[in-house]
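Below: the structure, in structure tokens.
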Amino acid sequence: MNTNKILSTIVPVILFFTLFTLLGCSDVKEKDIKNRKANQENTQDTTDTTVALNMVANKDDSVDVAKTQPSVSPPVEAEEMAEQMGGKKEKLARTKYMGVSDAMDGIVAGAPPSGRAMSAAPTFMMYAPPTDGITPQPPKWNRESYNAEEENDFISTANDPLSTFSIDVDTASYSNVRRFLNKGQLPPKGAVRIEELINYFSYDYPQPDSEHPFSVTTELGPSPWNDSHKLVRIGLKAKDIDKRDLPPSNLVFLIDVSGSMSAPNKLPLLQKSLKMLVRQMGANDRISLVVYAGNDHVVLSPTAGSEQQKIMTAVDSLGAGGSTHASSGITTAYQLAKQAFLPKGNNRIILASDGDFNVGITSRGELQKLVEEKRKSGIYLTVLGFGMGNYHDDTMEILADKGNGNYAYIDNLLEAKKVMVKEMSGTLFALARDVKIQVEFNPIKVGAYRLIGYENRVLADEDFNDDKKDAGEIGVGHTVTALYELIPVGAAGQPTVDSLKYQKKTQKEEYTNEIMTVKLRYKPLEASASVLLSTVVQENSLALEETSNDFRFASAVAAFGMLLTDSKHTKGVNKGASWSQTLQLAKDAKGKDREGYRAEFIRLVEMAEILAAK
């Protein structure tokens with residue numbers, strides 16, 4: 001009886017306190033929701049973004065949140081708002097006009113190129129995170145892509161005495177490798193292209209005479225990593241032209257403003273880099289600006305280079321968001337360049353991107369076909385790479401190679417200054433087209449040979465005399481260097497090939513001291529027929545220390561690339577290539593280093609040695 005009385009007293013009390021607690025939590029939750037909404041409204045008043053439910057200005061440019069963001073539950077307030085609108089499942093989105101504000105309406109002047117209507121400033125759909133909590137961070141992963149080329153091996157001279165390749169003036173691999181090493185990582189092997197490492201540096205080659213636009217220099221010496229082998233250096237030096245004597249430029253900046261370009265080392269660095277170039281332009285130059293993400297948009301029609309403030313304002317207006325429809329932007333840029341085409345000028349598109357193309361034509365094969373078709377218009381293509389994590393080097397290299405252009409990777413402002421200011425003439429102004437080299441080795445002197453680097457530039461021997469075959473371009477003041485490693489006749493390590501009984505075994509006495517003959521073909525800019533140059537390399541018995549600083553420094557850079565790719569050719573007779581030997585070789589051969597690039601290389605070798613030892 002007493003027990004029942006006690007229970008009848010306690011149970012109502014418990015129920016009262018439980019109900020009181022629930023009502024209090026509900027009140028807190030309601031206040032919390034109101035506070036969140038108020039915070040979001042205040043935030044929207046001070047930004048240029050608009051949060052909307054199921055309201056898209058251009059549905060073709062919307063990005064499916066599920067495809068572009070990690071799986072994240074929507075904010076509580078978004079779910080409640082959706083329920084109030086009929087329980088439908090709505091898409092939460094934030095729209096942004098590529099950073100092109102209403103104030104830009106007065107800047108974007110002029111009609112779009114004929115033959116294709118330009119789209120209005122597109123709208124992008126992105127997830128709007130809650131403002132009063134910790135924003136969920138996407139997982140970190142690496143989606144960088146590279147073409148891993150198989151390195152050139154030794155070829156028997158008796159079996160094939162000819163070696164043919166296209167020149168390469170790209171330097172992107174060096175600055176990209178530097179980016180990895182500065183982060184404390186060894187680069188992936190596919191990121192290392194030895195010819196681009198070597199050609200990052202200039203060498204003391206003589207100025208050409210008046211007959212040809214560039215000179216050809218050769219030098220023979222011992223191999224630093226194999227006592228029984230020799231190295232031959234082939235160097236080209238393009239003519240220097242004073243900036244005041246250069247033709248006017250018609251430049252179209254084609255800028256990737258997709259969501260993947262939002263990082264500080266992407267679009268913000270790109271904008272600073274472009275400003276450096278704009279400051280070099282004058283009244284006779286023309287600057288245009290095309291951006292692309294979900295689709296393309298002309299931000300700035302052809303404008304005189306002297307209108308600096310107008311151009312700078314257009315560059316400053318850019319913001320990142322959305323998917324990446326590069327092929328649409330490429331087409332528009334070529335149309336705009338054609339509209340402002342200068343018959344006697346420098347007509348060039350400057351594509352700046354991380355190469356992460358995901359809308360429209362995305363396969364490298366189709367992109368290659370696109371730029372191969374567009375290059376017939378006489379418009380060149382310069383490709384500038386930015387960023388990390390999702391960088392697609394393989395795509396960027398193909399665009400530059402097939403678009404009659406060059407390729408640089410911008411990892412910091414100093415590299416931007418090197419490419420855009422110090423080497424602007426070489427970057428933007430082509431001096432000769434379709435430059436090809438063919439070397440004939442003397443089988444009496446050379447048992448086998450291999451071209452160091454240039455794996456993706458090798459041509460068939462018959463391509464050398466075929467003027468329809470595309471090859472590399474060389475810019476004003478550029479230097480180009482190629483190295484061959486030779487195995488003398490009788491030395492160990494030669495490929496085993498059966499002797500050919502029908503080949504001539506004798507040759508004229510005057511040829512017996514010749515190691516090889518270097519032939520070069522190029523087309524002047526306005527010509528369709530190529531011009532032939534040739535020079536002979538004679539045998540010598542120089543010691544390594546008797547060769548030039550440039551010879552030894554280029555050899556050190558080649559050894560650096562071979563060590564990074566774990567080349568089997570670093571394991572030479574007696575010594576081979578090692579980090580310590582490569583470092584000492586570079587230090588001893590630094591020579592004149594006005595810009596400090598060689599000193600920086602020495603530091604990178606030291607860093608790579610430490611990382612390789614881990």
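The model shown is predicted, which means the values in this text are computed figures rather than measured ones.
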Atom of Asp170, atom of Asn406 and distance for their closest heavy-atom approach: OD1-CA, 3.3 Å
Sub-4.5 Å side-chain heavy-atom contact between Leu318 and Val299: yes
Donor on one side chain, acceptor on other, Tyr334 and Asn347, under 3.5 Å: no
Within-4.5 Å side-chain heavy-atom neighbours: Lys568 and Asp153: yes
Which residues share a side chain to side chain contact (heavy atoms under 4.5 Å, CB included) with Thr481, sequence neighbours left out: Ile198, Asn199, Tyr203, Tyr205, Arg233
Lys469 versus Lys436, closest heavy-atom pair with distance: O-NZ, 3.9 Å
Sequence neighbours excluded, every pair satisfying ring pair (Phe, Tyr, Trp, His ring centres under 6.0 Å) that has a member inside residues 410-433: none
Glu423: salt bridge (charged side-chain N to carboxylate O under 4.0 Å, His left out) partners, not counting sequence neighbours: Lys418
Note: Asp316-Lys275 ion pair, threshold 4.0 Å (strictly below): yes
Gap separating the CD1 atom of Ile474 from the CZ atom of Phe214, nearest 0.5 angstrom: 5.5 Å
Side chains of Ser567 and Thr565, donor plus acceptor under 3.5 Å: no
Side chains of Leu277 and Met424 in contact at under 4.5 Å (non-hydrogen atoms): yes
Test: Asp467 and Arg521 ion pair at under 4.0 Å: no
N/O donor-acceptor pair under 3.5 Å between Lys189 side chain and Ala148 backbone: no
Non-neighbouring partners of Glu373 that pass side-chain hydrogen bond (donor to acceptor under 3.5 Å, both in side chains), sequence neighbours left out: Lys376
Shortest non-hydrogen contact between Ser288 and Ser301, atoms and distance: OG-C, 3.9 Å
Partner residues of Glu144 under the salt bridge (charged side-chain N to carboxylate O under 4.0 Å, His left out) criterion, sequence neighbours left out: Arg179
Listed partners of Gln438 passing side chain to side chain contact (heavy atoms under 4.5 Å, CB included), at least two apart: Leu162, Thr164, Asp461, Phe464, Lys519
Side chain proximity check, Pro188 to Phe180, heavy atoms < 4.5 angstrom: yes
From Asn265 atom CG to Asn412 atom CG, the distance as rounded to the nearest 0.5 Å: 10.5 Å
Candidate pair Met312 and Val278, rule side-chain contact (heavy atoms from CB on, under 4.5 Å), full reasoning: CA-CA 8 Å; Met312 297 294 189; Val278 169; 3.9 Å; yes
Tyr292/Ser353 under side-chain contact (heavy atoms from CB on, under 4.5 Å): CA gap, chis, key distance, verdict: CA-CA 10 Å; Tyr292 66 90; Ser353 174; 3.4 Å; yes
Contacts of Ser166 that satisfy side-chain hydrogen bond (donor to acceptor under 3.5 Å, both in side chains) - sequence neighbours left out: none
For the student: nearest non-hydrogen atoms of Ala263 and Pro268, plus distance: O-CD, 3.1 Å
Heavy-atom closest contact (Pro187 atom, Val192 atom, distance): CG-CG2, 4.0 Å
Residues forming a salt bridge (charged side-chain N to carboxylate O under 4.0 Å, His left out) with Glu196, sequence neighbours excluded: Arg193
Exercise: identify the closest heavy-atom pair between Leu251 and Met281: CD1-SD, 3.7 Å
Steps toward salt bridge (charged side-chain N to carboxylate O under 4.0 Å, His left out) verdict (Arg433, Asp470): CA-CA 8 Å; Arg433 300 181 297 118; Asp470 181 62; over 6 Å; no
Main-chain N/O of Ala471 paired with Asp434 side-chain donor or acceptor, under 3.5 Å: yes
Backbone N/O of Ile398 and side chain of Gln368: donor-acceptor pair under 3.5 Å: no
Glu485/Arg450 salt bridge by N-O under 4.0 Å criterion: yes
Backbone of Ala599 reached by a side-chain donor or acceptor of Asp593 within 3.5 Å: yes
Check: Gly477 main-chain N/O paired with Lys237 side-chain donor or acceptor under 3.5 Å: yes
Ring pair (Phe, Tyr, Trp, His ring centres under 6.0 Å) partner of Phe201, the single match among Phe601, Phe560, Tyr597: Phe601
Note, Phe253 side chain near Val290 side chain (heavy atom, < 4.5 Å): no
Any donor-acceptor N or O pair under 3.5 Å, side chains Asp411, Ser175: no
Any residue meeting side-chain hydrogen bond (donor to acceptor under 3.5 Å, both in side chains) with Asn152, in chain and number order, not counting sequence neighbours: none
Residues forming a salt bridge (charged side-chain N to carboxylate O under 4.0 Å, His left out) with Asp463, sequence neighbours excluded: none
Sequence-distant partners of Asp466, side-chain hydrogen bond (donor to acceptor under 3.5 Å, both in side chains), two or more places apart: none
Glu595/Lys422 salt bridge by N-O under 4.0 Å criterion: yes
Salt-bridge criterion met for Arg178 and Glu415 (N-O under 4.0 Å): yes
Phe386: partners by ring-ring contact (aromatic ring centres under 6.0 Å, His included), with sequence neighbours left out: none
Residues Asn390 and Asp356: side-chain donor-acceptor under 3.5 angstrom: yes
Side chain to side chain, Asp354 and Met261, heavy atoms closer than 4.5 Å: yes
Heavy-atom check, side chain of Tyr146 versus side chain of Asn176, under 4.5 Å: yes
Asp285 side chain to Ser249 backbone, donor-acceptor under 3.5 Å: yes
Cation-pi, Phe553 ring and Arg598 (6.0 angstrom, 45 degrees): yes
Side chain proximity check, Leu274 to Ile255, heavy atoms < 4.5 angstrom: yes
Short side-chain to backbone donor-acceptor contact, Arg286 and Thr303, under 3.5 Å: no
Residues Tyr522, Ser530; criterion side chain to side chain donor-acceptor pair (under 3.5 Å); working and verdict: CA-CA 5 Å; Tyr522 72 92; Ser530 64; over 6 Å; no
Ala337 backbone acceptor or donor facing Asn250 side chain under 3.5 Å: yes
Reference residue Ser425; test side-chain contact (heavy atoms from CB on, under 4.5 Å); the match among Asn346, Leu246, Ile241: Leu246
CD/Gln185: more than 12 non-hydrogen atoms of other groups inside 6.0 Å: yes
